[in-house]
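Let me begin by presenting the structure, written as structure tokens, before commenting on it.
In each ligand, atom 1 is the first atom listed, and ligand 1 is the first ligand listed. None of the values given here were measured: they were computed from a predicted structure.
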Amino acid sequence: MKRLWIILALVPVLLIGCKQHNEATEDAQMRVFVDQLMAKMTLEEKLGQLNLPVTGDIVTGQARESNVAEDIRHGLVGGLFNLKGAAAIREVQRIAVEESRLGIPLLFGMDVIHGYETVFPIPLGLSCSWDMAAIERSAQVAAREATADGICWTFSPMVDICHDGRWGRISEGSGEDPYLGSRIAEAMVRGYQGESLADPETMMACVKHFALYGAVEAGREYNNVYPDDFHAFNEYMQPYKAAIDAGAGSVMAAFNTVHGIPSTGNKWLLNDLLRDQWGFRGFVVSDYCGLEQLRDHGVCTDKEQAAIQCLEAGLDMDMVSAGLVNLAEAVRAGKCDGRLVDAACRRMLEAKYKLGLFDDPYRYCDLSRRDEVVLCDAHRAEARRIAGECMVLLKNERNLLPLPKRGTIALIGALANTRPNMSGTWAVAAVPERYKTVREGLEDALRGTGAKLLYAKGSNLMYDAAQEAIGTMFGREMRDPRSAEAMRQEALAIARQADVIIAAMGEASEMSGECSSRVDIEMPDAQHDLLVELKKLGKPIVLVHFAGRPTVLNWETENLPAIIESWFCGSESADAIADVLFGDVNPSGKLTVQLPRHVGQYPFSYRQMRTSRLNEAGDFNKFSTCYSDISSKPLYPFGYGLSYTTFEYTNFYLTDSVMPLDGKVEAHVTVTNTGKRPGSEIVQLYISDPVAKGVRPYRELRGFERLTLAAGESKEVVFVLDAERMGYFEPYHLTWTLEPGEMQVMIGANSRDTQNLPLRVL
Ligand code: BGC
């Protein structure tokens, strides 16, 4: 018997041993393969592997004639991006493989940010599910679809932490918290890359934007960032590191500077930190023209200098600038070390090797697979389910929601009947014509029930047509030529006939995303005015709010009985909204960014650092850290979200009140569904370290668990507390440390409403 136990105990050890042995053998084989290939390559061909030009005039049927195609034939291109379609990609790959001297396959990348043709909620929305399995699955589905259509490399996950709702790209990330952001970063990488990149249904992830991009000053796009190292490590760096530890194959350098040097040409960042300290072994790509922008930053005068600086810093692939590809003369003249070219080229070839492109350059271009998996019913069902988990119920007075499927319902609003806006920003592969509008989703949900759905647009997005054009660019135009008054009257007329009004309003999808920074983050004027008029009718109003960022919802909170933050929930938005409105799905999303009372509060995070004079209550108090004209508290706190049922937290205790620095203590809490329907709750663990060498936030998330409970059911949640969970990057050496002292352990349903217990760390 004892022997059996020893054998069983040895099994995992042997398995790990075998895995490591296999990996070492595979690495050795890859090295030999790459060595042999590089021995045949000219300097120009090596530099060609570092070149990622814009797809340009390469489209199906024209590939043979384009300039890029000519470069491909000469071995001067390493990859292409945002070319859609397996047939087109196959044709371009054929040029590389059959018409270039060495036949090295190209890498095909794309911004597959939140799904492919099956579009999942924008990442900010997705993060509100706090459901790591669902998030991983969304990335897995995205990879399955993209790889069936020729893509083997995605420019995702975007893991930039952001404390500023003015920044449009807050929509692309997972919100404001580094702990949650790190878990999501890992889940995304696992989803995209699976167990092995050799699997043709997985693709290589690219962590971006390294580093600190989310801290852009004043939320203004492409602006400078200023976190010092202490804050950089404690607030922003962790999700990048988590994605790298999860095995992400590539990293994208950010547009912004770090320590005053553009990230793309920043040796400390790309070499010392990323490679030497963090052990990253994949390749680094610049962002779009990031290399040549070293000139715009004013750190060099010409592109050659910029290219040398970037290569020396550790950049391997140059997106669009065509800087690295033209370095041959500089290398020959001794201005640039050829060994750096070799190192970068090797990393690019290794990526292609790992993706199996040398075995079969067409392995991602199987046309029959495309038809089977892209936008298939199973993926759409998955996206609909996940979308339902992402919506956040902000308010539900007197249980107005869920709505019964009866009576007359007026659906009103600028976002109620638009198809192209449903998927949200950064959905390059989206096919809006295959998605439903909210109106169609509700019609389908109500079909056969006897309930009547009336619809009126009611207003344009905003009065200013030029502003609306900016917010609805890239084929999302929705301007109605009628006068504001005519539209309003039509809406009021149908609202008068209705028992309840559903207002589908907020931002259009291009009002967030890249280069969509805004200082006005309130409900756009024309929609606000319409809501005011509708309210005068005295009917119940449910606001289904669309947004790609945290917005200011003061008036709405004061005046409307029910609000659902629906973000942009992707291709299945319409059905998912109907599911939540009519109670087929019980909402469970919780905010991963707090909602402010005023744009002037930014930058703003629940992870408020202790100041010498903070007034925790948030009110005006002369000579304290506060505002004299508004509360400094958020309107809705981080982690907040309601359900159609209720949850109670009881029996919160720690297994010990004292924890040695190298010990463990458990935090237990029992959560009970005290309502009448099943529901999911996101239990959150926060800690506070009131006395530490470096200033700590008043509270910071360090754990969470998503529970699904039947009506009346209870479950106990246990968090293990130890130095890894409780520590921080101390200010001197930036090493992860837990210091002795009195800490607080806090558990609750959001960052504001917690139960707290002291824990003494010895
Ligand atoms: C964005 C990146 C994106 C790239 C390629 C850039 O403008 O900053 O996030 O991956 O374009 O489309």
Side-chain angles (χ1 to χ4, degrees), residues 51-56 58 68 77-84 89 106-116 122-124 139 142 146 150-162 167-174 185 188-189 192 203-216 219-225 239-240 243 248-258 262-264 282-294 296-297 310 315-323 423-430 473-474 510 512-517 548:
N51 189 23
L52 182 67
V54 70
T55 301
I58 291 214
V68 180
V77 176
L80 287 173
F81 69 103
N82 288 354
L83 175 62
K84 192 184 172 200
I89 290 176
L106 299 170
L107 201 57
F108 287 92
M110 185 183 267
D111 289 281
V112 182
I113 309 291
H114 50 111
Y116 192 69
I122 54 167
L124 182 60
I151 301 300
C152 56
W153 179 34
T154 176
F155 302 145
S156 173
M158 189 277 214
V159 303
D160 303 320
I161 296 298
C162 182
W167 192 44
R169 298 196 85 168
I170 198 170
S171 57
E172 289 177 54
S174 298
M188 295 291 285
V189 172
Y192 288 137
M203 61 183 169
M204 186 174 276
C206 182
V207 187
K208 69 187 190 184
H209 303 83
F210 193 59
L212 313 180
Y213 187 30
V216 282
R220 193 145 53 92
E221 187 61 297
Y222 313 129
N223 209 356
N224 297 308
V225 307
Y240 306 111
S250 65
V251 167
M252 186 184 292
F255 286 128
N256 54 274
T257 64
V258 172
S263 303
T264 320
F283 72 92
V284 180
V285 63
S286 77
D287 202 343
Y288 204 106
C289 288
L291 182 149
E292 65 177 282
Q293 287 169 6
L294 261 67
D296 305 313
H297 277 291
C310 292
L315 185 76
D316 302 306
M317 191 175 224
D318 162 16
M319 188 191 289
V320 182
S321 297
S423 44
T425 187
W426 265 133
V428 175
M473 61 205 318
F474 306 132
E510 278 311 305
S512 62
E514 186 168 350
C515 204
S516 296
S517 296

| remark: Closest non-hydrogen contact found for M158 with H209 is CG-CE1, 3.7 Å
| field | Side-chain heavy atoms of L107 within contact of F283, under 4.5 Å | value |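 They are in side-chain contact.
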| task | Decide yes or no for D160 and W167: does some side-chain heavy atom of the first lie under 4.5 Å from some side-chain heavy atom of the second? | result | yes
| request: I would like to know whether M319 and T264 meet side chain to side chain contact (heavy atoms under 4.5 Å, CB included); could you show each step before the answer? | output: CA-CA 11 Å; M319 188 191 289; T264 320; over 6 Å; no
| note | D287 meets the salt bridge (Lys or Arg N to Asp or Glu O under 4.0 Å) criterion, sequence neighbours left out, with none
| field | Main-chain N/O of M252 paired to K208 side chain as donor or acceptor, under 3.5 Å | value |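 Not a single qualifying donor-acceptor pair exists.
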| message | With a 4.0 Å heavy-atom cut-off, what residues sit around ligand 1? | response | F81, N82, D111, F155, R169, K208, H209, M252, F255, D287, Y288, M319, W426, E514
